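I have placed the structure first, in the form of structure tokens, so that the comments after it can refer back to it.
Numbers restart at 1 for each chain; the letters A, B, ... are given by sequence-line order, proteins then strands. Just the heavy atoms: all of them, side chains too, but no hydrogens, waters or symmetry mates, feed the values below. A quick note: this is a predicted structure, and the numbers were derived from the prediction, not measured.
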Amino acid sequence: MDSEKRVKLLHMLHENANYTDEMLATLLDEEPAEVRAVIAEAEQSRVILGYSAIVNWDKVDGNGVTAVIDVRVTPQREVGFDAIARRIYRFSEVKSVALMSGAYDLQVVVEGSHLRDVATFVSERLATIEHVTGTATHFLLKTYKADGVIFDDREDEKRLVVAP
Amino acid sequence: MSAFEGKLSPLVEQLAPSGIRRFFDLASQMDDVISLGVGEPDFVTPWHVREACFYALERGYTTYTANAGLPALRDAIAQYLETFDLSYDPKDEVLVTVGGSEAIDLALRAVVQPGDEVLIPEPAYVSYEPCAILAGATVKKIATRAMDQFRLTEAALRDALTPRSKVLILCAPNNPTGAILDRAALAQIASVAIAHDLLVISDEIYAELTYGVRHVSVASLPGMKERTIVISGMSKAYAMTGWRIGYATAPRDVLAAMVKIHQYTMLCAPIMGQMAALEALKNGERERQAMVEQYDQRRRFVVKRLREIGLACHEPQGAFYAFPDIRASGLSSEAFAERLLKAERVAVVPGAVFGPSGEGFVRCSYATSLAQLERAFERMDRFLNS
């Protein structure tokens, strides 16, 4: 499979991991065995790290709270931001960590059962890490779009059943 | 009974009711119908195009435009058509119309007079024949064959010619068959057109929707630009059916005649739609490509599934229709579509609606999500194999 098709395959799986190998093969005009081989290789080389559903958690009761935390840190000689990022992402409460340019250095997404859990995590765990110089915690109130999927968009079929 | 009883135009009374209309009436009375009968994209117009329209309204663009359309849009159309090796002067060789349908009507009314014969290869888009009749022409249909993938051949065209033949209507990529005409096929048709002094109306509304092949316009062939009216528009490629923005390009004397009719009937296309079309042409390439990619994937799925459930189907290379052969069912295309609809709530369009050559086939549009297509084919499989 050429590299362009491989990227297309990854995009398709990213959009819908439910596609069968046969369906992906049809859509890409490839053989199912080739699709299986490329997926296996991508999993092996950790290009594909897992498969998940996009869930609108706002519609699920008792799913807790999510906070996006801007973290400012002092980078360390030789290891830069990586050592601190590693210390942060090991916490089970932390769902994602990314190095950012601009007003702060690390963006940390934290999930907890209650607002208090997140507050405790930030004040007792995150803010006390050596070289962390400041945090700003933003609680997520409502998700409108995530991972390319619009959550509250209801553009129902408006076309006629039969048209020329 | 009104005072108009018996006084309607004989030309209008001559028109047969649309087969699509009858089938639409039937399908629209039912719930839970999966429709493969829709001749328009399932995508909504790209957001930046819709947004451009909002801003145009906000800035007060609510007026008439020049009859031929906004100069900036005509410039953009002319520039865009260069990608198909077509060169037109935006000043007097490009006309913005209210959809491609108006352009077809204008083209026919501008060039035919009573007694002229319009040649229409069929199966064909349902409007060509009525528009030709309303323009006063007589229609001569040219039957095409499934074994040729319903492509017009030079031989069939020659056989159909009479001394009154004046106009040939081409539609490629084709609605309803999805067939394209490649350069070699077009060159043969062009040679007949030139030899017999035929005018050509080339409906290229699906030009952008080709898969693995590049669209060739008949007007780009030697000796054809001066005898061809090219019709296209924004509806299919940019998912803008409801905006009703089409266009025609033609030699300036023909275009001037079309503008005359247009100015006394439509006056101009709606300015908001024109502003949106300008945005689509200038900045819509990425979205257009993404939609074409989706259609291409669905096309592969549809052809594979049709064959799996036992319906022979040629590989469509353009538009968003498959035209499978349903003759093995022993049913007419109308009966097949009606029974499928009633039994399994899947709407397809009977091929006979598009002309006698379409009998034995149905049109399946794949301008529908993959999930819907999967469900539709499960139902069709049950219908055919139960």
Inset, instruction - Starting at CD of B/Gln372, measure out to CD of A/Glu157 and round the result to the nearest 0.5 Å. - result: 8.0 Å
Legend entry - More than 12 heavy atoms from other groups under 6.0 Å of NE2 on A/His11: no
Legend entry - Heavy-atom pair count under 4.5 Å with chain A, highest-scoring of B/Arg21, B/Glu374, B/Glu293, B/Met30: B/Glu293
Inset, instruction - Heavy atoms only: give me the nearest A/Val161-B/Phe24 pair and the separation to one decimal. - result: N-CE1, 3.9 Å
Inset, instruction - Identify which part of B/Ala367 has an atom lying under 4.5 Å from any heavy atom of chain A, answering side chain, backbone, both or neither. - result: both
Inset, instruction - Find out whether A/Arg159 and B/Thr368 are in side-chain contact, i.e. whether some heavy atom of one side chain is under 4.5 Å from a heavy atom of the other. - result: yes
Inset, instruction - Report, as yes or no, whether the 6.0 Å neighbourhood of atom CD on B/Glu308 holds more than 12 heavy atoms from other residues, nucleotides or ligands. - result: yes
Legend entry - Validation row: A/Met23, B/Leu370 side chains within 4.5 angstrom (heavy atoms): yes
Inset, instruction - Count the heavy-atom pairs under 4.5 Å between each of B/Ile20, B/Val38, B/Thr241 and chain A, then report the option with the highest count. - result: B/Val38
Legend entry - Interface residues of residues 336-351 of chain B facing chain A - non-hydrogen atoms under 4.5 Å apart: B/Ala347, B/Val349
Legend entry - Greater than 12 external heavy atoms within 6.0 Å of A/Arg125's CZ: no
Legend entry - Side chain / backbone / both / neither for B/Tyr125 at chain A, heavy atoms under 4.5 Å: side chain
Inset, instruction - For B/Asp32, look at atom CG and say whether over 12 heavy atoms of other residues, nucleotides or ligands are found less than 6.0 Å away. - result: yes
Legend entry - Which atom of B/Phe23 lies closest to which atom of A/Val162, heavy atoms considered: CD2-CG2, 3.8 Å
Inset, instruction - To the nearest 0.5 Å, tell me how far A/Ile150 CD1 sits from B/Trp47 CH2. - result: 9.0 Å
Inset, instruction - Please determine which of B/Arg298, B/Gln297, B/Lys304 meets the side chain to side chain contact (heavy atoms under 4.5 Å, CB included) test together with A/Thr26. - result: B/Lys304
Legend entry - Selection from B/Asp42, B/Val303, B/Val126, B/Asn175 maximising heavy-atom pairs under 4.5 Å formed with chain A: B/Asp42
